[in-house]
Amino acid sequence: MAEPLGSLVRTHTCGALRPADVGTDVVLLGWVHRIRDLGGVTFIDVRDRHGISQVVVRENVALMAVAKRLRSEFVVGVSGHVQRRSADTVNPKLATGEVEVLAAEIRILNEAKTPPFQIAEDGPVSEDVRLRYRYLDLRRPRLQNNIGLRHRVSIAIRKYFDEQGFWEIETPILAKSTPEGARDFLVPSRVHPGEFYALPQSPQLFKQILMIAGTDRYFQIVRCFRDEDQRADRQLEFTQVDVEMSFAQPESIYNLIEPLMPRIFKEIGREVTLPIRRMSYADAIAKYGSDKPDLRCGMEIADLSDVFRDSEFRVFKQIVADGGVVRGFSVPGGNKYSRSQLDVLVDQAKQMGFTGLIWVRPGSPPLCSVKALSEAALRPALDRVKAATDDLLLMAAGPADNTSKLLGQLRLAVAAKENLLNPEAFEFLWVTDFPLLEYHEEDGRWYSMHHPFTSPKDEDVDKLETEPGAVRAKAYDLVLNGSEIGGGSIRIHDAALQSRIFTRLGISEEEAKLRFGFFLEALEYGTPPHGGIALGLDRIVAILAGESSIREVIAFPKTASAVDLMAGAPSPVDAKQLRELHLNLKTQKPN
RNA sequence: GGGGUCGUAGUUCAGUUGGCUAGAACGCUGCCCUGUCACGGCAGAGGCCGCGGGUUCGAGUCCCGUCGACCCCGCCA
């Protein structure tokens with residue numbers, strides 16, 4: 001039976017009481033965290049977002065009866081007198097632990113069912129249960145901390161961009177579907193039968209148009225939508241820190257974003273050393289087999305092709321002769337692996353897609369899984385990867401990009417197994433000079449690697465028609481600990497060049513007009529050179545919070561199968577709604 | 001679309017080669033307890049072993065299918 005709030009007015013939050021408050025009368029409002037009933041005296045921990053205060057009930061028969069009715073997670077109002085705890089009963093674990101409230105009145109504002117999991121304990125609970133009762137999970141310390149951190153990071157970001165003269169401007173959520181890129185979420189128009197809005201994959205064109213509009217400096221903390229399969233670091237809807245500035249070079253963007261990182265990391269009390277390292281895309285692929293290398297674990301991949309060009313091992317020799325590569329890296333301390341552990345590693349590699357993984361143990365003579373390889377061939381390879389005596393060389397051969405990619409995956413697997421990825425370390429990296437285009441075998445055409453509005457590097461523009469794959473873009477990613485936390489580019493501001501790119505992408509003039517006509521037209525009205533970046537807020541906060549999934553930093557996330565387990569979305573809709581939207585369903589799911 | 005891990009009291013888990021009348025901890029309910037703070041003590045309730053089928057004298061355990069959560073590949077301009 002719930003009682004009204006009535007005259008109870010909160011005087012303090014549950015985390016606020018201090019010895020200075022001793023002797024005053026206070027009112028606390030919050031949830032029953034824990035009850036310790038000792039018979040003649042009862043302690044009630046009352047909790048809110050700000051902390052926990054101990055309430056004491058004693059020598060008051062009526063109050064004892066109320067206390068008896070209390071259960072976990074009841075909402076209560078307590079009025080009482082703040083008293084100092086005796087020295088031997090101080091609780092140093094609580095900020096409020098030097099005082100307690102001697103209750104004069106306890107009002108049960110609302111009762112609560114027994115929760116499906118304990119709120120007062122941060123113990124493990126399966127994720128589907130947590131998601132179904134998200135409002136309860138959000139009461140627990142883990143998510144309270146994460147959501148609070150996210151708030152502070154957002155504020156720090158807004159403050160920084162404001163200081164730098166940026167305007168936060170809202171762009172439409174009901175936008176126009178554009179081809180290329182991720183699958184769109186479509187919203188049917190009631191007023192225009194058969195026509196659809198699309199939820200933005202990013203406000204890309206709007207922010208560019210804002211540059212044309214003379215906004216000069218724009219940012220927005222904005223929700224973006226992509227209808228693709230989920231991952232630990234990908235949700236259907238996610239939040240970008242979207243940034244665009246006029247008259248920008250890549251250097252301007254680096255100079256803008258780098259000082260922001262220390263500001264963000266200050267929220268977890270960590271410092272960031274600037275400037276941030278840079279590495280070209282080509283180097284990243286060659287040395288780390290990834291366009292988002294994790295630099296916490298060393299193990300740089302080296303090219304060994306020349307070492308084995310004239311090798312007695314025919315497989316290597318043949319692959320190199322056919323234009324392939326032999327590459328490998330050294331595992332620190334890897335010589336400790338037993339033969340059976342090495343067999344397991346080779347098996348794992350095969351599951352990852354390696355045709356073969358070859359290991360070499362340094363020593364005199366070195367020991368190699370391929371007996372045909374002599375010391376004379378192995379010695380230079382070991383030297384090249386700087387393998388010490390207790391290290392282990394892992395090698396693979398094949399086409400350059402694929403070999404590097406596989407070695408890159410193996411490198412991360414080994415790093416994880418060997419605990420080389422220090423969670424306390426933060427290694428930032430700019431990856432630069434991405435290819436502008438990539439070729440897709442399936443439909444035999446070129447696609448933009450970033451997006452179709454990305455500017456090629458000035459010196460590569462001439463190769464657009466002759467050697468499209470060699471054209472580098474003014475595009476860059478910001479990488480942190482092997483995670484892509486941002487990406488951007490300098491855009492094309494010249495309508496003629498933009499048309500040339502569309503042609504290159506196989507988009508006809510007619511088609512381009514249909515899809516981007518408004519934008520192409522705008523480009524012709526005095527577009528300043530401009531560029532920008534978008535930072536992945538969810539990923540950044542997850543890294544700050546030490547979480548491996550962005551679901552832990554999103555208040556109401558969806559499952560891997562794109563379902564909101566709490567609200568039950570998606571769900572069927574009324575026939576009337578469908579009619580109004582001029583939609584007929586091919587399949588009907590029973591409600 | 002493909003591969004993998006998991007699914008047993010409210011929760012987290014254990015459950016041997018198929019023998020189960022399915023256990024533990026926490027939580028929950030009742031009683032006792034005047035300084036606890038993860039209070040303590042005593043007693044108790046609580047299970048379609050995800051679901052469906054099969055093998056077997058017998059299935060929580062083995063097989064097939066299916067559903068769900070999670071991880072990875074594809075996908076994510």
Side-chain angles (χ1 to χ4, degrees), chain A residues 33-47 52-60 64 68 71-73 83 85-94 96-97 100 102 113-133 136-137 178-184 200-202 204-205 224-236 238 348 351-353 405-406 409 412-413 434 436-438 440 442 446-454 473 475 484 487-489 501 505 507 515-516 534 536 548-549 551 558-563 565:
Chain A
H33 188 68
R34 270 203 184 88
I35 304 165
R36 291 176 294 281
D37 181 355
L38 275 63
V41 59
T42 297
F43 299 97
I44 302 152
D45 288 340
V46 181
R47 182 199 72 234
I52 292 172
S53 289
Q54 175 167 284
V55 170
V56 191
V57 176
R58 59 187 303 169
E59 290 158 6
N60 182 331
M64 293 292 247
K68 207 85 186 161
R71 296 290 182 272
S72 286
E73 301 305 312
Q83 58 188 29
R85 299 201 199 180
S86 66
D88 57 323
T89 60
V90 163
N91 184 351
K93 285 186 254 172
L94 289 183
T96 59
E100 62 193 6
L102 182 62
K113 291 167 76 173
T114 302
F117 50 87
Q118 288 169 260
I119 311 299
E121 298 283 336
D122 226 350
V125 177
S126 68
E127 212 178 335
D128 42 344
V129 177
R130 293 175 55 207
L131 289 172
R132 171 146 152 54
Y133 299 96
L136 297 180
D137 199 23
T178 52
E180 313 282 299
R183 219 169 275 121
D184 279 326
Q201 298 175 25
S202 88
Q204 185 59 37
L205 291 180
C224 301
F225 305 85
R226 293 177 190 177
D227 187 7
E228 297 293 346
D229 287 346
Q230 317 278 289
R231 283 287 194 288
D233 62 351
R234 274 165 33 192
Q235 285 269 309
L236 298 181
F238 61 101
Q348 275 179 345
Q351 276 172 26
M352 291 168 74
K405 243 184 188 167
L406 286 170
Q409 286 176 27
L412 288 177
F434 277 77
L436 183 74
L437 304 161
E438 56 188 349
H440 283 205
E442 317 87 74
W446 293 89
Y447 281 86
S448 294
M449 195 151 179
H450 188 51
H451 56 55
F453 317 104
T454 305
E484 181 198 327
S489 63
I501 296 288
L505 294 174
I507 300 172
R515 291 166 165 176
F516 309 109
S548 52
S549 165
R551 289 188 302 275
K558 291 178 182 59
T559 67
S561 59
V563 169
L565 287 179

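We name chains A, B, ... by the order of the sequence lines, and we start the count at 1 in each one.
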Please measure how far the P atom in B:rG10 lies from the corresponding atom in B:rC6, and state the result in whole Å.
23 Å
On a plain distance test, is the side chain of A:Arg34 in donor-acceptor contact with the base of B:rU36 below 3.5 Å?
no
Would you measure the distance from the P atom in B:rG60 across to the matching atom in B:rU55 and give it in whole Å?
16 Å
Using the P atom as the point on both nucleotides, what is the distance between B:rG68 and B:rC28, in whole Å?
33 Å
Look at the side chain of A:Glu228 and decide which nucleotide, out of B:rU34, B:rC76, B:rU12, has an atom nearest to it.
B:rC76
Starting at NZ of A:Lys558 and ending at P of B:rC70, how long is that distance when rounded to a whole Å?
13 Å
Given atom CG of A:Asp137 and atom C1' of B:rG10, what is their separation to the nearest angstrom?
15 Å
Do the side chains of A:Glu121 and A:Arg34 get nearer than 4.5 Å, heavy atoms only?
yes
No-H, no-angle donor-acceptor pair, A:Glu100 side chain to B:rG35 base, under 3.5 Å
yes
Counterpart base for B:rU34, defined by Watson-Crick or G-U wobble contacts under 3.5 Å:
none
So if I define the base as every atom that isn't primed, P, OP1 or OP2, how would nucleotides 22-28 of chain B read as a B/S/- string at a heavy-atom cutoff under 4.0 Å?
----SSS
Using whole Å, what does the distance between atom C1' of nucleotide B:rG1 and atom CZ of A:Arg231 come to?
12 Å
So which nucleotide does B:rC39 pair with, by the Watson-Crick or G-U wobble rule with both distances under 3.5 Å?
none
From the options B:rC33, B:rA38, B:rC76, select the nucleotide whose nearest atom is closest to the side chain of A:Asp37.
B:rC33
What's the closest nucleotide to the side chain of A:Arg226 if the choices are B:rC76, B:rG35, B:rC70?
B:rC76
For B:rG30, does either OP1 or OP2 sit under 4.0 Å from a side-chain N or O belonging to A:Lys68?
no
If I take atom CG from residue A:Asp233 and atom OG from residue A:Ser549, how far apart are they, to the nearest 0.5 angstrom?
8.5 Å
Quiz question: going by heavy-atom distance under 3.5 Å, is there a donor-acceptor pair between the base of B:rG68 and the side chain of A:Arg132?
no
For B:rG46, the nucleotide meeting Watson-Crick or G-U wobble distances (both under 3.5 Å) is none
Given the structure, check if the side chain of A:Arg36 and the base of B:rG40 hold any donor-acceptor pair shorter than 3.5 Å.
no
Is A:Thr42 close to A:Lys68 at the side-chain level, that is, under 4.5 Å between some pair of heavy atoms?
no
Who pairs with B:rC6 - Watson-Crick or G-U, where each distance is under 3.5 Å:
B:rG68
Do A:Asp229 and B:rG74 share a donor-acceptor pair, side chain to base, under 3.5 Å?
yes
Euclidean distance for C1', B:rC26 against B:rA69 (whole angstrom):
23 Å
A:Leu412 CG to B:rC71 P: how many Å, rounded?
17 Å
Please determine if a side-chain N or O atom of A:Ser126 lies less than 4.0 Å away from the OP1 or OP2 oxygen of B:rC70.
no
Distance check needed: B:rC75 P versus A:Asp184 CG, whole Å only.
18 Å
According to the Watson-Crick and G-U wobble definitions, with both distances under 3.5 Å, which nucleotide is paired to B:rA25?
B:rU11
Could you state the NE2-P distance from A:His440 to B:rC75, rounded to the nearest angstrom?
7 Å
Pairwise P distance for B:rA24 and B:rG44, with rounding to whole Å:
12 Å
A:Phe117 atom CZ is separated from B:rC13 atom C1', nearest whole Å, by 18 Å
With A:Asp184, which residues qualify under side-chain contact (heavy atoms from CB on, under 4.5 Å), at least two apart?
A:Ser177, A:Leu186, A:Ala198, A:Gln201
Between B:rU5 and B:rG18, how far apart are the C1' atoms? Round to whole Å, please.
24 Å
Can you check the distance between B:rU12 and B:rG30, where both ends of the measurement are the C1' atom (answer in whole Å)?
25 Å
Below 4.0 Å: OP1/OP2 of B:rC71 and any side-chain N or O of A:Arg551
yes
Nearest heavy-atom pair of A:Arg551 and A:Lys558: which atoms, and what distance?
CD-O, 3.7 Å
Using the C1' atom in both, what is the distance from B:rG7 to B:rU66, to the nearest Å?
13 Å
Does A:Phe43 stack onto the base of B:rU36, taking stacking as ring centres under 5.5 Å apart and planes under 30° apart?
yes
Which pair of non-hydrogen atoms, one from A:Ala562 and one from A:Leu236, has the smallest distance, and what is that distance?
CB-CD1, 3.6 Å
Taking side-chain contact (heavy atoms from CB on, under 4.5 Å) as the criterion, tell me which of A:Leu437, A:Leu505, A:Ile507 meets it with A:Pro452.
A:Leu505
Please pick, from B:rC71, B:rU34, B:rC37, the nucleotide with the shortest atom-to-atom distance to any side-chain atom of A:Ala560.
B:rC71
Please determine, for the side chain of A:Ala232, which listed nucleotide (B:rC37, B:rA38, B:rC72) has the closest atom?
B:rC72
From CG of A:Leu131 over to C1' of B:rC70, roughly how many Å is that when rounded to an integer?
11 Å
Please tell me which of the listed nucleotides, B:rC70, B:rC75, B:rG35, lies nearest to the side chain of A:Thr89?
B:rG35
Salt bridge present between A:Asp229 and A:Arg234 (N-O < 4.0 angstrom):
no
